[in-house]
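Heads up, the thing below is written out as structure tokens.
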Amino acid sequence: MIRSMTGFGSATVQEEGLEIQAEIRSVNNRFFDFQPRLPRELGFLEAEILEKTRRSLGRGRVTVTLSLESRGSSSLPELNEEALAHYHEQIRKIRSMGRELAVDHLGASFLQLPGLFLDSDGNQDADRLRSLALRALDESIADILSMKEKEGAALSDDLLSCLDRIEESLQRIRKAVPQMKASLAANLRKRLEDLLDDLPVDPQRLAQEAAILVDKADVSEEITRLDSHLEQFRESIHAGGEVSKKLGFLIQEILRESNTIGSKSQDLEITRDVLLIKEETEKLREQILNLE
């Protein structure tokens with residue numbers, strides 16, 4: 001099954017007054033672009049969250065947001081004595097350098113120094129936080145994958161519908177080729193007769209010129225290659241996985257062959273079907289931008 005690059009997933013895990021919420025959003029991007037939004041207490045999990053998310057989601061700009069809340073707790077912030085000792089040592093060094101004024105004017109802002117106080121959430125056991133956070137992440141990943149697969153299924157249907165219309169046009173072109181060849185030979189004979197008036201036409205020379213003209217306009221090889229590209233495109237959709245790059249290459253080849261058919265053909269109906277093929281192929285190109 002193919003998957004869309006866009007999606008959203010969320011999950012909430014609660015345990016003994018602690019709640020962790022996880023949200024994952026994914027939008028189109030050529031590569032995997034990880035954008036974490038984690039509270040300070042869960043910052044130590046960033047590398048693990050990155051790796052788990054990369055393995056699960058593949059391409060896309062992925063934003064992972066985790067929030068941490070302690071419910072039913074009346075704990076007041078506690079002084080971090082280790083941090084306080086560190087700041088005292090730094091102040092002593094500043095004073096020893098004769099910069100009393102800078103320290104004296106710190107005032108109340110001293111109380112806002114990072115890590116000076118630990119709130120109730122900050123005292124949570126790291127192993128417990130890791131377990132809950134990764135549970136919430138796993139559930140949100142499962143949620144977003146479900147959404148991406150549903151959107152991928154819808155995209156698959158659209159892609160296959162475009163392929164059906166391209167194959168219908170190609171089938172009409174294939175049927176029109178013999179008549180086109182016969183018309184080219186007949187038109188050549190008529191033009192020569194008109195130019196030569198009542199002079200006899202050399203049948204052997206006419207056959208040679210007709211063969212050269214028909215060979216230049218023959219699109220049988222292009223039809224065969226185009227048919228093969230369409231078959232590979234359809235097989236890739238059914239195979240699933242990360243297919244956007246392969247489908248992008250096949251689209252280039254489909255356009256190449258259809259352009260060659262259009263440039264060789266002098267038949268109005270064939271030209272019309274070539275334009276339809278190119279129109280549907282552009283739709284394919286737009287759709288695969290949404291695929292992993």
Side-chain angles (χ1 to χ4, degrees), residues 1-16 18-71 121-122 124-160 162-163 232-251 284-292:
M1 176 181 293
I2 63 176
R3 297 192 312 213
S4 168
M5 255 196 293
T6 61
F8 173 80
S10 64
T12 300
V13 174
Q14 295 179 341
E15 183 180 282
E16 298 178 359
L18 189 65
E19 177 179 287
I20 294 182
Q21 294 180 334
E23 289 186 355
I24 303 180
R25 300 176 186 271
S26 177
V27 295
N28 294 358
N29 197 57
R30 290 181 60 191
F31 309 102
F32 179 80
D33 181 11
F34 180 67
Q35 299 184 346
R37 296 177 181 174
L38 310 177
R40 173 177 54 82
E41 296 84 357
L42 300 178
F44 70 99
L45 291 172
E46 181 174 333
E48 192 168 0
I49 291 172
L50 163 63
E51 188 58 32
K52 185 180 286 286
T53 306
R54 187 204 303 274
R55 289 199 308 267
S56 301
L57 300 186
R59 291 197 309 143
R61 178 174 288 110
V62 179
T63 302
V64 176
T65 303
L66 295 185
S67 62
L68 174 65
E69 185 176 350
S70 188
R71 297 186 175 276
D121 291 339
Q124 299 293 340
D125 179 72
D127 290 337
R128 182 183 177 211
L129 286 176
R130 177 181 179 276
S131 175
L132 292 178
L134 294 185
R135 273 177 52 196
L137 179 67
D138 287 340
E139 291 180 15
S140 62
I141 287 176
D143 193 28
I144 192 175
L145 287 179
S146 176
M147 181 177 180
K148 286 159 71 76
E149 288 173 358
K150 288 178 182 177
E151 291 192 6
L155 286 171
S156 294
D157 291 341
D158 289 342
L159 293 172
L160 292 173
C162 287
L163 281 182
Q232 291 180 64
F233 201 104
R234 190 180 294 275
E235 289 175 352
S236 296
I237 293 174
H238 290 308
E242 296 184 10
V243 297
S244 60
K245 291 183 179 179
K246 181 178 181 180
L247 297 184
F249 170 77
L250 289 172
I251 283 174
L284 292 177
R285 191 201 296 276
E286 292 176 5
Q287 291 285 42
I288 68 167
L289 295 176
N290 298 315
L291 296 178
E292 286 188 356

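Along the sequence shown, the residues carry numbers beginning at 1. Here the structure is a predicted model, which means the values were calculated and not measured.
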Do Gln35 and Val64 have side chains that approach each other closer than 4.5 Å (heavy atoms only, starting at C-beta)? no
Kindly compute the distance separating CG (Leu45) from CG (Leu134), expressed to the nearest 0.5 Å. 5.5 Å
Taking every heavy atom of Ser236 against every heavy atom of Val243, the minimum-distance pair comes out as O-CG1, 3.6 Å
Ion pair Arg59/Asp33, N-O distance below 4.0 Å: no
Determine yes or no for a side-chain-to-main-chain donor-acceptor pair under 3.5 angstrom, with Ser56 supplying the side chain and Lys52 the backbone. yes
Any side-chain heavy atom of Ile24 sitting closer than 4.5 Å to one from Asp143? no
If I compare all heavy atoms of Ala136 with all of Ala22, which pair ends up nearest, and what's the gap? O-CB, 3.6 Å
Can you confirm whether Ile251 sits close enough to Ile288 that some side-chain heavy atom of one is under 4.5 Å from a side-chain heavy atom of the other? yes
Pairwise distance OG(Ser156) to NE2(His238) - rounded to 0.5 angstrom: 8.5 Å
From Glu41 CD over to Leu66 CG, what is the distance, rounded to the nearest 0.5 angstrom? 11.5 Å
Does a sphere of radius 6.0 Å around CZ in Phe249 hold more than 12 heavy atoms from other residues, nucleotides or ligands, not counting ones at 6.0 Å or beyond? no
d(Ser4 OG, Lys148 NZ) to nearest 0.5 Å is 6.0 Å
Report yes if the side chains of Met5 and Asn290 come closer than 4.5 Å at any heavy-atom pair, otherwise no. no
Any chance you could measure Leu289, atom CG, to Leu247, atom CG, to the nearest 0.5 Å? 11.0 Å
Validation row: Thr12, Glu139 side chains within 4.5 angstrom (heavy atoms): no
Identify whether the distance between the nearest side-chain nitrogen and carboxylate oxygen of Arg3 and Glu151 falls below 4.0 Å. no
Supply the atom-to-atom distance Leu68 CG to Leu38 CG, rounded to the nearest 0.5 angstrom. 11.0 Å
Restricting to non-hydrogen atoms, name the atom on Ile141 and the atom on Thr53 that form the minimum distance, rounded to 0.1 Å. CD1-CA, 4.4 Å
So Phe8 and Glu23, do their side chains get closer than 4.5 Å, heavy atoms only? yes
Side-chain contact test, heavy atoms from C-beta onward, threshold under 4.5 Å: evaluate it for Ser67 versus Ile20 and give yes or no. no
Where is the tightest heavy-atom contact between Ile144 and Ser26, given as atom of each residue plus distance? CD1-CB, 4.0 Å
Run the side-chain contact (heavy atoms from CB on, under 4.5 Å) check on Arg37 and Thr63 step by step: do they pass? CA-CA 7 Å; Arg37 296 177 181 174; Thr63 302; 3.8 Å; yes
When you compare the side chain of Leu57 with that of Leu145, does any pair of heavy atoms fall below 4.5 Å? yes
Report the C-alpha distance between Val13 and Leu18 in whole Å, list the side-chain angles of each, state the deciding distance to 0.1 Å, and finish with yes or no for side-chain contact (heavy atoms from CB on, under 4.5 Å). CA-CA 8 Å; Val13 174; Leu18 189 65; over 6 Å; no
Start with the C-alpha gap between Glu19 and Gln21, add the side-chain angles, then the distance that decides, and say whether side-chain contact (heavy atoms from CB on, under 4.5 Å) holds. CA-CA 7 Å; Glu19 177 179 287; Gln21 294 180 334; 3.4 Å; yes
